[in-house]
Amino acid sequence: MTINVSEIRAQFPILQREVRPGVPLVYLDSTATAQKPLAVIAAMDDFYRRSNANIHRGVHTLAEESTALYEDARAKIAGFLHAASPRQVIYTRNTTESINLVAYSWARATLKAGDLVILTEMEHHSNLVPWQILQAERGIRLEFVPVTENGLLDLEVYRQLLAQSPKLVAFTHMSNVLGTINPAAEMIRLAHQAGAVTLLDGAQSVPHFAVDVQALDVDFLAFSAHKMVGPTGIGVLYGKRELLEAMPPFLGGGDMIREVHLRSFKPNALPYKFEAGTPAIAEAVGFGAAVDYLTGIGMEAIAAHEHAITEYALERLEEIPGVKVFGPEASHKGGVAAFTLDCAHPHDVAQILDQDGVAVRAGHHCAQPLHEKFNIPATTRASFYLYSTKDEVDKLVDGIYKVKQYFG
Amino acid sequence: MTINVSEIRAQFPILQREVRPGVPLVYLDSTATAQKPLAVIAAMDDFYRRSNANIHRGVHTLAEESTALYEDARAKIAGFLHAASPRQVIYTRNTTESINLVAYSWARATLKAGDLVILTEMEHHSNLVPWQILQAERGIRLEFVPVTENGLLDLEVYRQLLAQSPKLVAFTHMSNVLGTINPAAEMIRLAHQAGAVTLLDGAQSVPHFAVDVQALDVDFLAFSAHKMVGPTGIGVLYGKRELLEAMPPFLGGGDMIREVHLRSFKPNALPYKFEAGTPAIAEAVGFGAAVDYLTGIGMEAIAAHEHAITEYALERLEEIPGVKVFGPEASHKGGVAAFTLDCAHPHDVAQILDQDGVAVRAGHHCAQPLHEKFNIPATTRASFYLYSTKDEVDKLVDGIYKVKQYFG
Amino acid sequence: MDDLYREVIIEHYKNPAYKGHLDPHDYAFEDSNPLCGDHIEITLRVDGNGNVAEAAFDGHGCAISQASADLLIESIIGKPVEDIKSFNRQHVLDLLGIELGPVRLKCALLSLKVLKGGLYGLGDTLEEA
Amino acid sequence: MDDLYREVIIEHYKNPAYKGHLDPHDYAFEDSNPLCGDHIEITLRVDGNGNVAEAAFDGHGCAISQASADLLIESIIGKPVEDIKSFNRQHVLDLLGIELGPVRLKCALLSLKVLKGGLYGLGDTLEEA
Ligand SMILES: Cc1ncc(COP(=O)(O)O)c(C=O)c1O
Ligand SMILES: Cc1ncc(COP(=O)(O)O)c(C=O)c1O
């Protein structure tokens with residue numbers, strides 16, 4: 001269950017890069033987007049060099065090849081999630097579009113004024129704004145599970161909210177700021193008991209540990225390829241079959257139809273009903289390669305590695321005077337360390353770290369309400385993935401000491 | 001104004017491919033999707049190997065590089081369209097999503113029951129289904145400009161429909177079946193006189209000849225990168241600034257916001273207001289490279305080359321007994337030849353052509369109503385681009401004679 | 001590849017033995033392939049023992065879809081309806097005697113899909129097969 | 001790169017001369033950078049000749065945004081409001097004396113954006129500049 005990090009790093013061309021002459025890249029921003037192994041880059045390159053064609057509608061060799069590659073990738077993703085069928089895997093652009101698809105199709109067909117949707121205070125904007133738009137349009141009611149001081153969801157309040165018969169509970173599996181891994185299986189079980197449909201934002205969970213949709217019994221799961229060593233431009237909405245079947249189409253156009261007349265159309269079967277127009281074909285191929293790559297290494301091994309790095313990072317960061325790390329203990333946490341430094345603004349921290357090639361994010365990380373909750377405008381965030389090393393954590397820590405020299 | 005086709009072909013790796021041992025690829029399916037030159041493939045490859053990072057929110061070097069690359073591509077596309085500002089260029093997944101964006105945002109904020117939307121009988125499903133969905137939801141009224149026997153729009157009827165004060169006129173710049181190039185400037189001028197907003201489906205025009213949005217005075221223009229030697233997974237909606245500014249957001253999430261609180265958000269400025277979540281970053285970079293590539297060769301030269309090939313193809317096809325080509329004369333037509341053969345079904349034609357490496361489409365090409373109009377379930381379609389040759393047309397013709405041997 | 005257009009297929013396509021529409025009929029089913037527009041309608045008469053007494057198909061489409069419909073109809077006449085319910089894709093492929101890529105497979109299986117979908121009253125039974 | 005944190009910037013950040021809020025004031029403007037949350041409010045008093053008599057900024061954010069706000073305020077005191085309307089990005093960059101990438105440029109220009117946006121009553125005048 002251990003991974004060979006130096007072997008892994010050799011497979012990521014960008015990790016060989018120097019940010020500036022003599023300054024190697026220390027990439028600690030995988031929560032924003034992951035780097036890509038050669039296998040993924042090459043799969044897409046090869047697709048464009050050998051098989052590129054539009055899918056589904058063609059009988060020529062290239063069209064058959066590209067259709068097969070596109071659908072094979074879907075089957076791989078379904079397998080990765082332990083989904084019952086590839087038909088439940090709908091390609092979207094990203095997590096954000098996946099959540100919007102549920103908001104536009106399922107929710108607009110289902111929710112009425114006054115209906116309750118439960119979210120949490122640690123949601124990414126992608127799982128807030130679509131519901132705010134719907135609230136403005138429809139008059140649904142939004143309630144939020146609070147985040148405790150130590151970065152966990154307040155499950156007592158959650159239970160109380162469930163007593164109000166919510167129609168939907170939508171929450172993140174793992175916070176992209178606090179790193180908190182929420183007890184999704186338990187929360188979904190309780191939501192179902194209360195009669196609610198559940199939507200899990202898997203943007204940070206699916207890339208980092210094994211997620212089994214059937215074990216979780218989740219109704220909808222949204223995630224992005226680019227955060228799991230896959231390409232940009234493609235994501236997935238997984239859904240339970242009965243729900244997806246009953247949902248009206250969202251985007252209209254080619255491929256999502258069974259037949260079209262001037263004044264009417266019949267929608268296509270799943271998953272095509274929700275895939276309008278020419279999809280991200282090369283990206284699906286790259287996504288399939290990413291899933292193969294992660295599976296080859298093993299999600300358990302990846303999670304264990306990240307856990308070890310995170311423990312080490314928390315230890316080292318907390319030893320720096322003036323640093324405050326947000327979120328729970330390492331035991332409840334994925335590979336994210338968001339912190340403040342008393343003497344300097346996160347932007348300045350990130351900028352000074354960049355001088356030494358250390359790439360971290362500074363800002364609200366698309367979780368502004370969470371930052372408001374903690375009364376801070378921004379944090380600096382270091383995040384880890386299968387290719388991260390303790391040595392990189394040390395460089396981060398050295399960089400923070402340098403910041404203190406400037407501002408201290 | 002001529003292009004060096006063999007030089008161009010050498011830049012497209014896939015055109016070097018043999019479909020089967022000894023059978024070189026004859027790719028006559030560019031209307032479905034274009035092949036990609038090395039410059040485009042390499043730009044994306046290089047992005048993932050050197051600069052990959054999430055955009056906008058990062059201060060580290062990689063994030064700055066990728067943001068600059070993403071925005072440079074937008075500026076290139078704006079230049080290619082002669083748009084007043086890159087802010088008017090919104091990245092989407094494809095033409096289909098671009099049209100849906102207008103239907104969901106502009107149209108739902110603007111159109112009321114009974115409002116008239118004018119379409120045409122030659123629309124791709126992508127410019128039919130979104131309006132049918134809206135008709136079912138809102139009770140708008142749809143009317144269609146008829147297609148004449150020789151494949152042109154009936155502009156007399158168009159004028160009559162305009163007298164009914166339409167709110168929107170949405171039509172294709174070039175038919176993907178008939179090849180008809182519609183008189184867009186004139187149609188837009190008339191629509192504006194009638195007080196209508198205009199949406200041009202540029203999926204087949206922007207890749208094949210120079211399109212100047214300011215000269216056309218078009219309000220919205222939709223197109224896809226994959227049809228213009230760019231990658232899958234990215235398209236564009238161009239819009240007039242006042243319209244885009246006034247439109248409500250469509251998809252909600254990260255990047256499209258200015259600020260987010262638990263219960264409210266403020267949308268971001270253009271173009272970000274419509275770009276929710278992590279966009280297709282590598283694809284934007286590839287799109288920029290595609291625009292550079294096409295510009296380098298010159299859209300006038302490309303159009304002239306395609307015109308010559310199309311003229312030759314029509315000549316050769318029409319000389320085959322039993323072949324009927326749909327659409328107007330070469331003078332009104334882009335590089336598309338959709339035909340029927342009396343003795344064989346289009347699927348069988350395409351399949352037999354594939355034996356000799358000739359890749360064509362068979363079916364309704366996402367224009368089922370147009371096929372219904374002509375009382376045929378399907379056509380075989382050969383289509384041309386800058387890399388097409390007369391020699392390839394000859395192979396197509398030889399293949400059709402072979403089909404006749406089987407079925408004649 | 002030339003195999004794809006074996007003489008038997010061209011023959012059944014050009015001169016189908018079971019093309020038509022039965023009226024009256026006990027069952028009528030139809031469906032089309034959304035990707036290519038191929039369309040098949042099947043009408044059946046069932047005798048007192050639950051066997052297919054007469055059957056016919058109508059529709060339009062490529063040689064593969066039309067020939068396979070004709071061959072399929074030929075293969076069900078006289079068979080118990082209950083047996084037909086268990087026909088699978090291999091049955092049709094054996095009738096055709098060819099290998100097919102995924103897109104043409106849909107053409108070949110359209111008639112079986114119509115038949116089984118109709119007998120079961122289900123839409124998509126086959127695509128998962 | 002080290003230039004980015006020149007002493008003058010750190011100094012104006014740590015000990016701003018013009019931080020505060022004027023009350024009463026003739027103008028008050030505020031805005032924030034949506035990408036990082038930096039926030040600047042500027043309050044002004046204008047004398048009878050149309051010159052800026054007093055000015056102050058308030059807000060929070062990185063050293064670049066706060067130091068540039070302090071430097072900008074310093075540079076406008078005593079100047080005619082009409083002149084200030086023509087201040088451009090180069091004015092701020094000259095005050096800071098550093099080169100900036102596109103992201104940090106937004107931090108540096110936030111105060112100018114607030115100032116000009118307020119004086120013109122327009123939102124986005126600067127981003128096109
Ligand atoms: C005229 C026309 N409109 C729209 C489309 C849809 O483009 P996309 O599938 O890239 O969304 C196409 C391409 O198939 C087309 O030819
Ligand atoms: C928890 C969470 N949800 C949603 C998203 C949005 O993902 P994307 O930008 O790929 O749509 C992110 C990533 O930024 C995330 O971390």
Side-chain angles (χ1 to χ4, degrees), chain A residues 13-14 17 19 32-33 35-36 41 45 48-50 52-54 57-62 93-97 100 125-126 128-130 132-133 144 224 226 231-233 251-254 257 259-262 264-265 276-278 280-283 347 350-351 354 359 361-363 366 368-369, chain B residues 13-14 17 19 32-33 35-36 41 45 48-50 52-54 57-62 93-97 100 125-126 128-130 132-133 144 224 226 231-233 251-254 257 259-262 264-265 276-278 280-283 347 350-351 354 359 361-363 366 368-369:
Chain A
I14 208 171
R17 171 177 172 173
V19 169
T33 200
Q35 295 305 343
K36 323 302 175 199
I41 302 173
D45 191 84
Y48 283 128
R49 285 167 184 266
R50 285 194 50 79
N52 176 62
N54 214 324
R57 290 161 295 181
V59 299
H60 60 75
T61 305
L62 260 47
R93 179 171 36 244
N94 49 28
T95 307
T96 303
E97 193 193 22
N100 278 275
H125 295 165
S126 295
L128 289 172
V129 179
Q132 293 176 350
I133 292 176
F144 300 87
S224 303
H226 72 91
T232 52
L251 303 180
I257 53 85
E259 49 187 85
V260 178
H261 309 286
L262 271 186
S264 66
F265 74 98
T278 304
I281 307 172
E283 292 73 12
H347 263 187
Q351 184 90 53
D354 182 62
R361 285 269 137 173
C366 292
Q368 210 177 342
Chain B
I14 209 171
R17 173 179 170 174
V19 168
T33 200
Q35 295 305 343
K36 323 301 174 200
I41 302 174
D45 192 84
Y48 283 129
R49 285 167 184 267
R50 286 194 50 78
N52 176 62
N54 214 325
R57 290 161 295 181
V59 299
H60 59 76
T61 305
L62 260 47
R93 179 170 36 245
N94 50 27
T95 307
T96 304
E97 194 194 20
N100 277 275
H125 295 165
S126 294
L128 290 172
V129 179
Q132 293 176 351
I133 293 176
F144 300 87
S224 302
H226 71 92
T232 52
L251 303 180
I257 52 84
E259 50 187 82
V260 178
H261 309 286
L262 271 185
S264 66
F265 73 98
T278 304
I281 307 171
E283 292 73 12
H347 263 189
Q351 185 90 54
D354 182 62
R361 285 269 136 172
C366 292
Q368 211 178 341

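Atom set for the values below is all heavy atoms of this structure, side chains included, hydrogens, waters and symmetry mates excluded. Proteins get letters first, then strands, A, B, ... in listed order; numbering begins at 1 in each.
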Chain A contacts, top residue of [options] (heavy-atom pairs, under 4.5 Å):
| options | value |
| --- | --- |
| B/P369, B/A280, B/G277, B/A32 | B/P369 |
| B/T232, B/V129, B/T96 | B/T232 |
| B/N52, B/T95, B/V59 | B/N52 |

Minimal non-hydrogen separation, [X] against [Y], with atom names:
| X | Y | answer |
| --- | --- | --- |
| A/I14 | B/L62 | CD1-CD2, 3.8 Å |
| B/Q35 | A/Y48 | OE1-O, 4.5 Å |
| A/S126 | B/G254 | OG-N, 3.6 Å |
| A/L262 | B/Q132 | O-NE2, 2.8 Å |
| A/G252 | B/P130 | O-CG, 3.4 Å |

Could you tell me which of [options] has the largest number of non-hydrogen atom pairs under 4.5 Å with chain B?
| options | result |
| --- | --- |
| A/R93, A/R361, A/Q368 | A/R361 |
| A/L251, A/L128, A/V260 | A/V260 |
| A/S224, A/A53, A/P231, A/S264 | A/S264 |

Intermediate values then yes/no, side chain to side chain contact (heavy atoms under 4.5 Å, CB included), A/R49 and B/K36 = CA-CA 8 Å; A/R49 285 167 184 266; B/K36 323 301 174 200; over 6 Å; no
key: Heavy-atom contact with chain B under 4.5 Å, split by part of A/R17   = side chain
message = For A/H226, which atoms come within 4.5 Å of any heavy atom of chain B: side chain, backbone, both, or neither?
response = side chain
query = So, the side chain of A/N54 versus the backbone of B/T33: is there a donor-acceptor pair under 3.5 Å, distance only?
reply = no
inquiry  = Rounded at 0.5 Å granularity, tell me how far CG in A/D45 sits from CD1 in B/I41.
reply    = 6.0 Å
